[in-house]
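Proteins come first, then strands; the chains are lettered A, B, ... in the order of their sequence lines, and each starts at number 1.
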Number of protein chains: 2
Amino acid sequence: MCKTSSTEEKIKAAAKRVFITKGFSACTSREIAKEAGMNVALVNYYFRSKNQLFLIIYQTVMHDFMLSMMEVFSTELSLKEKVSLLIDREYEFLTKHPEIPTFVLNEMARNKDSGIQIHETLNNFAQTGVFNEAANAQKSGEMRQVDMVSLTMLIMANCQHPFMARLLTQQLHGMTDEEYNMQIIKHKEIIKEMILNYLFPIKVSNE
Amino acid sequence: MCKTSSTEEKIKAAAKRVFITKGFSACTSREIAKEAGMNVALVNYYFRSKNQLFLIIYQTVMHDFMLSMMEVFSTELSLKEKVSLLIDREYEFLTKHPEIPTFVLNEMARNKDSGIQIHETLNNFAQTGVFNEAANAQKSGEMRQVDMVSLTMLIMANCQHPFMARLLTQQLHGMTDEEYNMQIIKHKEIIKEMILNYLFPIKVSNE
DNA sequence: AATGATTTTAAACACTTGTTTAAAACAAAT
DNA sequence: ATTTGTTTTAAACAAGTGTTTAAAATCATT
């Protein structure tokens with residue numbers, strides 16, 4: 001009875017790879033089985049169906065995707081430091097898992113009317129305390145008057161999009177993989193400075 | 001012989017809708033035929049195969065997607081005005097066609113190793129003259145030292161991502177469709193100010 | 001070594017897929 | 001009205017899909 005967890009984990013790992021890279025609709029049960037080095041029937045023996053297996057993978061990926069964000073929000077840093085750290089963490093995560101944002105957004109779209117329910121992680125988001133913190137920072141004048149929705153949109157957009165649009169941007173500028181890797185590192189400092197300068201404007205004279 | 005163009009256009013319109021909303025892998029030939037209100041065989045009578053039909057749709061969509069960007073770059077405005085106008089145009093386009101960026105990026109990813117060749121529009125991008133213009137603006141000190149790759153990344157990310165991540169962001173903040181529509185309008189002014197302030201810093205004292 | 005449960009496989013099932021065929025419906029021209 | 005060519009359809013095809021079945025292989029326990 002020791003083979004159980006081993007093969008079960010092997011299937012999950014294989015399914016995660018296949019689902020994330022090709023998406024639910026563009027891959028087959030047999031493809032997942034082959035990736036895991038076994039029979040199709042065995043996959044269904046452990047997980048009943050392709051859809052059931054997918055739901056499990058989807059939830060863990062969704063969890064990973066949201067976790068780094070949430071963690072930073074729960075730290076004791078100042079709001080400015082939090083934003084800076086959040087960009088670092090996002091970049092760190094996306095460097096390791098560049099296909100996850102696309103995967104999450106695609107599968108959310110595929111099941112928008114029925115099926116998958118949103119992971120609870122999403123609902124816990126509003127209770128991290130940053131929202132009050134940001135409201136106070138805005139009242140005190142420390143931070144610019146930007147609502148939390150736009151704040152999260154700014155950070156998500158500037159962090160995620162460069163990873164999501166890699167192929168397009170590379171083609172657009174005729175860059176190699178290695179060149180784009182360098183670019184994306186350089187780009188992090190740019191968006192960090194841009195966002196922080198915008199949210200926490202420097203009021204010293206310069207001219 | 002007058003029915004030809006009519007049905008052909010009907011098929012193309014239906015295919016465009018279906019391909020864009022569900023993606024190539026997640027839709028079937030019969031689904032496209034049904035959307036066009038006709039038989040499956042008729043679709044293949046005009047376009048030979050699902051793949052052939054897709055390639056035609058893909059190219060027109062890709063063309064539309066790139067066109068608004070290119071047009072702005074060819075105007076006679078100042079660089080700062082160009083960036084501002086570009087954001088407006090992008091927003092205008094994305095409001096009308098919010099699913100296109102996701103569609104383009106997904107289908108590029110699906111055919112990254114073989115199959116679809118990149119539309120020529122992408123290759124013409126480097127010859128719009130903005131690149132030299134930006135280089136000069138940077139030398140003169142008018143514009144911050146940001147390479148063209150990061151410049152395009154900034155604009156694309158902040159314009160496209162809010163439309164691509166609509167579902168996620170809405171769920172994250174518990175917003176209705178109408179609320180998000182308002183948010184996205186407000187957000188345009190935010191990113192415009194943020195990007196312009198960053199690229200063309202104001203050097204007047206404030207304290 | 002034999003038993004019984006668990007794990008794995010090969011084969012089959014019903015169904016959907018993209019595509020093709022051959023016949024029907026239609027239009028235009030004689 | 002008949003002929004000719006074009007457009008549309010219903011039906012079929014082979015291949016691939018998710019899923020199930022029943023038998024084989026493996027394991028732990030006696």
Side-chain angles (χ1 to χ4, degrees), chain A residues 1-59 61 103 106-107 109-111 113-116, chain B residues 1-59 61 103 106-107 109-111 113-116:
Chain A
M1 204 195 273
C2 58
K3 276 185 174 180
T4 303
S5 67
S6 173
T7 39
E8 202 172 308
E9 292 309 314
K10 249 195 278 182
I11 295 172
K12 282 211 264 188
K16 196 169 176 178
R17 282 195 298 273
V18 176
F19 278 140
I20 285 180
T21 51
K22 317 228 323 184
F24 180 86
S25 304
C27 78
T28 71
S29 305
R30 283 168 179 81
E31 194 176 352
I32 293 170
K34 199 170 193 177
E35 173 83 12
M38 60 190 62
N39 198 294
V40 207
L42 196 52
V43 173
N44 279 359
Y45 172 74
Y46 281 101
F47 296 95
R48 288 175 50 121
S49 73
K50 181 192 177 186
N51 206 60
Q52 186 107 348
L53 174 57
F54 173 80
L55 285 173
I56 291 166
I57 301 300
Y58 178 77
Q59 286 199 9
V61 171
F103 168 77
N106 277 339
E107 300 303 337
R110 190 173 62 85
N111 298 289
D113 12 58
S114 69
I116 297 178
Chain B
M1 203 195 272
C2 55
K3 278 186 176 180
T4 304
S5 66
S6 172
T7 39
E8 203 173 310
E9 292 309 315
K10 249 195 279 183
I11 295 170
K12 281 211 264 189
K16 197 169 176 178
R17 282 195 297 274
V18 176
F19 277 140
I20 285 181
T21 51
K22 317 229 322 184
F24 180 86
S25 304
C27 78
T28 72
S29 305
R30 283 169 179 82
E31 194 176 351
I32 293 170
K34 198 170 191 176
E35 173 84 11
M38 60 188 65
N39 199 293
V40 205
L42 196 53
V43 173
N44 279 0
Y45 172 73
Y46 280 101
F47 297 95
R48 288 177 50 121
S49 72
K50 180 191 179 187
N51 206 62
Q52 186 106 349
L53 174 57
F54 173 80
L55 286 174
I56 291 167
I57 301 300
Y58 179 77
Q59 286 198 9
V61 172
F103 168 78
N106 277 339
E107 299 304 335
R110 191 174 60 87
N111 298 289
D113 13 58
S114 70
I116 296 180

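Taking atom NZ of residue K50(A) and atom C1' of nucleotide dC15(C), one finds them 15 Å apart after rounding to whole Å. For the pair M38(A) CE and dA24(D) P, the computed distance is 22 Å after rounding to whole Å. Rounded to whole angstrom, the span from the CG atom of L42(B) across to the P atom of dT6(D) amounts to 15 Å. Straight-line distance from the CD atom of Q52(B) to the P atom of dT19(C): 10 Å, rounded to whole Å. Residue Y45(B) contributes atom OH, which lies 13 Å from atom P of dG5(D) at whole-angstrom precision. When rounded to the nearest whole Å, the span between CD1 of I32(A) and C1' of dT19(D) equals 14 Å. Atom pair K34(A):NZ and dT9(C):C1' shows a separation of 16 Å (rounding to whole Å applied). Rounding to whole angstrom units, CG of residue N44(A) and P of dT8(C) are separated by 14 Å.
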task: For Y58(A) and N111(A), run side-chain contact (heavy atoms from CB on, under 4.5 Å): C-alpha distance rounded to whole Å, both residues' side-chain angles, the deciding distance at 0.1 Å, then the answer.
output: CA-CA 12 Å; Y58(A) 178 77; N111(A) 298 289; over 6 Å; no
Practice item. Would you sort out whether V61(B) and I57(B) count as a side-chain contact (heavy atoms from CB on, under 4.5 Å), showing the intermediate values? Key: CA-CA 6 Å; V61(B) 172; I57(B) 301 300; 4.1 Å; yes
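If you look at F54(B) and F19(B), their ring centroids are closer than 6.0 Å.
Remark: side-chain polar atoms of K34(A) are not paired, donor with acceptor, to backbone N or O of V40(A) under 3.5 angstrom. With E107(B) contributing its side chain and F24(B) its backbone, the two residues share a donor-acceptor pair below 3.5 Å.
Under 4.0 angstrom from either OP1 or OP2 of dT16(C) there lies no side-chain N or O belonging to T28(B). In this model, the phosphate group of dG18(C) is not approached by any side-chain N or O of S49(B) to a distance below 4.0 Å at OP1 or OP2. Note on Y46(A): a side-chain N or O is less than 4.0 Å away from OP1 or OP2 of dT8(C).
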Could I get a table of every N or O pair under 3.5 Å where one atom is in the protein and the other is in nucleotides 11-13 of chain C?
| from | atom 1 | to | atom 2 | distance (Å) |
| --- | --- | --- | --- | --- |
| dA12(C) | N6 | R30(A) | NH2 | 3.4 |

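Contacts with DNA chain C (heavy atom under 4.0 Å) in residues 12-25 of chain A: none are found.
Annotation: side chain to side chain donor-acceptor pair (under 3.5 Å) contacts of N44(A) (sequence neighbours excluded): none. Partners of T21(B) under the side chain to side chain contact (heavy atoms under 4.5 Å, CB included) rule, at least two apart in sequence or in another chain, do not exist in this structure. Residues meeting the side chain to side chain donor-acceptor pair (under 3.5 Å) test with K22(B), sequence neighbours left out: E31(B).
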Quick one: side chains of residues 10-18 of chain A, donor-acceptor pairs under 3.5 Å with protein atoms, not counting sequence neighbours, listed by atom name and distance.
| from | atom 1 | to | atom 2 | distance (Å) |
| --- | --- | --- | --- | --- |
| R17(A) | NE | E35(A) | OE2 | 2.6 |
| R17(A) | NH2 | E35(A) | OE2 | 3.2 |

